Amino acid sequence: MYKKLHSYIDDFNKNDNELYVQLIANNEAEQFLAEQIPLIDCPDKTIEKTYYFRWWTFRKHIKSTEKGHIITEFLPEVPWSGPYNSINCPACFHIREGRWLKDSQEWIKEYINFWLDGIGRTDLYSAWYAHAVLEYCTIKNDMAYATDKLPQLIAFFEEREKQHKRSGGIYWSHDGFDGMELSISGSGLRPTLNSYAYGDAVAIAKIAEIAGNTKIKERFTQKAHEIKMATDTLLWDNDFYKVIPLDENQDNAYSTRPEIIKENDVKELLGFIPWYFNLPDDNKDVAFGELLKSDGFKAKYGLTTAEQRHPRFLEENSHACLWNGYVWPFATSQTLVAMANLLQNYDQTTITKKDYYDILLQYAKSHKLTLENGDTVPWIDESMHPHTGRWITRDILIEKAAKPIERGKDYNHSLFCDLILSGLFGIDVKDGKFICNPLIPDSWDYFLVENLYLNGQKYRIIYDKDGTHYGRGIGLNIQEC
């Protein structure tokens, strides 16, 4: 496995123009990753290569500051960032991805503290800190840390209530501050922040139960119920969760979903976010059929952020960041987590694990850039044209001669490694116990995960359909190392 890692990292380094160096330079990447990440072997080499590539890029974003280690979104400085070039929009993705590092307490705990201690600006973009902290602590079996952070998580939740909660228990958010600028639906009562608030309320209730605080548990259980009821009543439109456009200075005047003007009435990929947090009941999986429709979200190079049948799909605008149909890895990540949750946690018949794998593989294949000389190199950037496969934000910025150059190169705004570990391989910890519920395709005869640290214990997972590939037994085996 270490020879495999060496081969990939050597290739990535040779093809890289290392413009912006932070804590761990390319020449140190192999040693760091060999010690820190779960190592995988699987039949699909596109999945495998992209997995290692995304860890290779993630390590670039670890930054040492006088306030501890943080994880950045952009490698170069951007003017809208907070302290130390921090941006909270993908922070909860960083925590979810980074929890798989062996020594994540050194990197990820300091990063969580950076936000919850008020060093970083948590008011720039929407986020779901309590849910992310619980995910981290569950994998690491460190509930003492979660209970220690409980007062800060509650304080963040209550501040968000003051700023964003409207009548009826529903939350208002600006599409740009959800990280989804110039969307077709616009600002208003959105599945984004309402799902985040629900996920946080559920997480706080669980942490409070662990801490033995019944009053907080009951209070946030009720809050979660209130948000769920409001989301289902107002944002569910027959077969999909959709936005109700609303001005910021307006209160919610609706007790049922109103009719929305055609200009803003649209199915968007954000409609799957409620499943990221297991908010919906079993009877709403019909929405996932849109992922399989060519006039819905299915396109040649990825999932579109708006349904392709809408008249404003890919509406022209000079802005570099458009959420009116372009493919965004951020949204694809949320959707793939939602799909995995649907397959693993729900009674449904709309999608299969093959559908999940097909979309995951399409996402993996998108990690490339064709250079002027015709060579193709591994790449992750901001947004992609769904019909051409070009990194459209990059093209716009190059055309404008915008600085910093290659702003989106190695962009750390999405998940991938976690989608492989928690989704495809189905690795999780529930009630303190290791579980593995893979979503691999039936055609796979094997996969291997080594150097996996859960609950402070090192594990190896071996799947060998007939026992002939690794020679260590038939079927799925989990071994302590």
Side-chain angles (χ1 to χ4, degrees), residues 12 16-29 32-33 36 53-99 101 104 106-129 132-133 136 152 156 174 176-181 319-321 328-330 333 379-383 391 393-394 396-398 400-418:
F12 300 151
D16 188 42
N17 180 13
E18 193 175 18
L19 294 170
Y20 308 102
V21 181
Q22 297 197 135
L23 180 63
I24 304 166
N26 282 359
N27 61 5
E28 301 170 301
F32 174 80
L33 296 176
Q36 294 295 325
F53 173 67
R54 287 300 299 266
W55 276 127
W56 179 83
T57 60
F58 185 91
R59 142 307 294 182
K60 288 190 174 195
H61 288 271
I62 299 174
K63 184 174 185 176
S64 181
T65 78
E66 59 188 15
K67 300 297 184 179
H69 293 95
I70 67 168
I71 314 295
T72 56
E73 174 181 340
F74 294 96
L75 289 175
E77 296 277 341
V78 292
W80 59 91
S81 64
Y84 309 108
N85 201 35
S86 62
I87 300 175
N88 75 311
C89 184
C92 297
F93 279 168
H94 297 162
I95 296 167
R96 185 177 173 111
E97 195 100 312
R99 65 186 173 149
L101 295 172
S104 57
E106 180 178 353
W107 321 102
I108 303 304
K109 270 191 180 180
E110 290 181 7
Y111 185 53
I112 293 170
N113 293 340
F114 176 82
W115 297 114
L116 297 186
D117 292 349
I119 303 166
R121 287 193 59 187
T122 56
D123 60 335
L124 284 175
Y125 293 94
S126 306
W128 53 97
Y129 296 108
V133 168
Y136 168 82
Q152 292 164 292
F156 174 81
H174 188 284
F177 298 151
D178 280 341
M180 301 177 181
E181 300 92 333
H319 199 279
C321 298
W328 281 86
F330 183 97
S333 297
W379 198 269
I380 181 66
D381 215 299
E382 297 186 53
S383 67
W391 292 102
T393 302
R394 180 176 185 267
I396 292 171
L397 294 174
I398 289 174
K400 292 181 176 181
K403 293 184 178 182
I405 62 169
E406 292 290 15
R407 182 186 85 181
K409 181 179 181 293
D410 302 318
Y411 192 40
N412 195 23
H413 191 249
S414 58
L415 297 171
F416 189 85
C417 304
D418 175 82

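For clarity, every value in this text was computed on a predicted model and none was experimentally measured. Residue indices begin at 1 and follow the sequence shown. Values below: all heavy atoms of this structure, side chains included; hydrogens, waters and symmetry mates excluded.
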Let me confirm one number: the CD1-CD1 distance from Ile108 to Ile62, rounded to the nearest 0.5 Å. 7.0 Å

Short question: side chain of Glu18, backbone of Asn26 - any donor-acceptor pair under 3.5 Å? yes

Minimum heavy-atom separation for Glu382 to Cys321, with atom names? OE1-SG, 3.8 Å

Under the criterion side-chain hydrogen bond (donor to acceptor under 3.5 Å, both in side chains), which of Asp381, Asn17, Asp16 is the partner of Lys409? Asp16

Is a side-chain donor or acceptor of Ser81 paired with a backbone partner of Ile87 at a separation under 3.5 angstrom? no

Should the pair Glu406-Arg394 be classified as a salt bridge under the 4.0 Å nitrogen-to-oxygen rule? yes

Asp117/Gln152 under side-chain contact (heavy atoms from CB on, under 4.5 Å): CA gap, chis, key distance, verdict: CA-CA 8 Å; Asp117 292 349; Gln152 292 164 292; 2.6 Å; yes

How about Tyr84: does its OH atom have over 12 heavy atoms from other parts shown lying under 6.0 Å from it? yes

Heavy-atom nearest pair, Glu110 first then Glu106, reads CD-O, 3.1 Å

Would you kindly say whether Arg407 and Thr393 are connected by a side-chain donor-acceptor distance under 3.5 Å? no

Does NZ or CZ of Arg59 fall inside the cone over Trp56's six-membered ring, less than 6.0 Å from its centre and within 45° of the axis? yes

CD1/Ile70 to CD/Gln22 distance, rounded to the nearest 0.5 angstrom? 7.5 Å

Do Phe93 and Phe330 pass the ring-ring contact (aromatic ring centres under 6.0 Å, His included) test, and can you show the C-alpha distance, the side-chain angles, and the key distance before you say yes or no? CA-CA 9 Å; Phe93 279 168; Phe330 183 97; 4.9 Å; yes

Say whether, by atom type as modelled, one donor and one acceptor occur between the side chain of Asn85 and the main chain of Pro76 under 3.5 angstrom. yes

Would Glu97 and Ile71 satisfy side-chain contact (heavy atoms from CB on, under 4.5 Å), going step by step from the backbone distance to the final call? CA-CA 11 Å; Glu97 195 100 312; Ile71 314 295; over 6 Å; no

Here's a test for you: under side chain to side chain contact (heavy atoms under 4.5 Å, CB included), which of Thr57, Asp410, Val21, Asn412 qualifies with Leu75? Asp410

Between Phe156 and Trp128, is the ring-ring contact (aromatic ring centres under 6.0 Å, His included) condition met? List the steps. CA-CA 10 Å; Phe156 174 81; Trp128 53 97; over 10 Å; no

If I compare all heavy atoms of His94 with all of Phe58, which pair ends up nearest, and what's the gap? O-CZ, 3.9 Å

Which class fits the ring pair Phe74 and Tyr411: parallel under 30°, tilted 30 to 60°, perpendicular over 60°? tilted

Could you go through Leu124 and Trp80, starting from their C-alpha distance and side-chain angles, then the distance that decides it, and tell me whether this counts as side-chain contact (heavy atoms from CB on, under 4.5 Å)? CA-CA 9 Å; Leu124 284 175; Trp80 59 91; over 6 Å; no

What's the separation between atom CG in Leu33 and atom CD in Glu28, rounded to the nearest 0.5 Å? 11.0 Å

Where do Leu23 and Lys63 come nearest, in terms of heavy atoms and distance? CB-CA, 4.5 Å

How long is the gap from CG on Leu116 to OG1 on Thr122, to the nearest 0.5 Å? 8.5 Å

Between the NE2 atom in His174 and the OH atom in Tyr125, the distance rounded to the nearest 0.5 Å is 10.5 Å

With a 4.5 Å limit on heavy-atom distance, are the side chains of Lys109 and Tyr136 in contact? yes

Which heavy atom in Arg54 sits nearest to a heavy atom in Cys417, and how many Å separate them? CB-SG, 3.7 Å

Side-chain donor-acceptor contact under 3.5 Å, Asp178 with Ser126: yes

Evaluate the ring planes of Trp115 and Tyr111, with Trp represented by its six-membered ring, and classify them as parallel (under 30°), tilted (30 to 60°) or perpendicular (over 60°). perpendicular

Give, for atom NZ of Lys60 and atom OH of Tyr20, the distance between the pair rounded to the nearest 0.5 Å. 11.0 Å

Suppose we call two aromatic rings close when their centres sit under 6.0 Å apart. Are Trp55 and Phe12 close by that rule? no

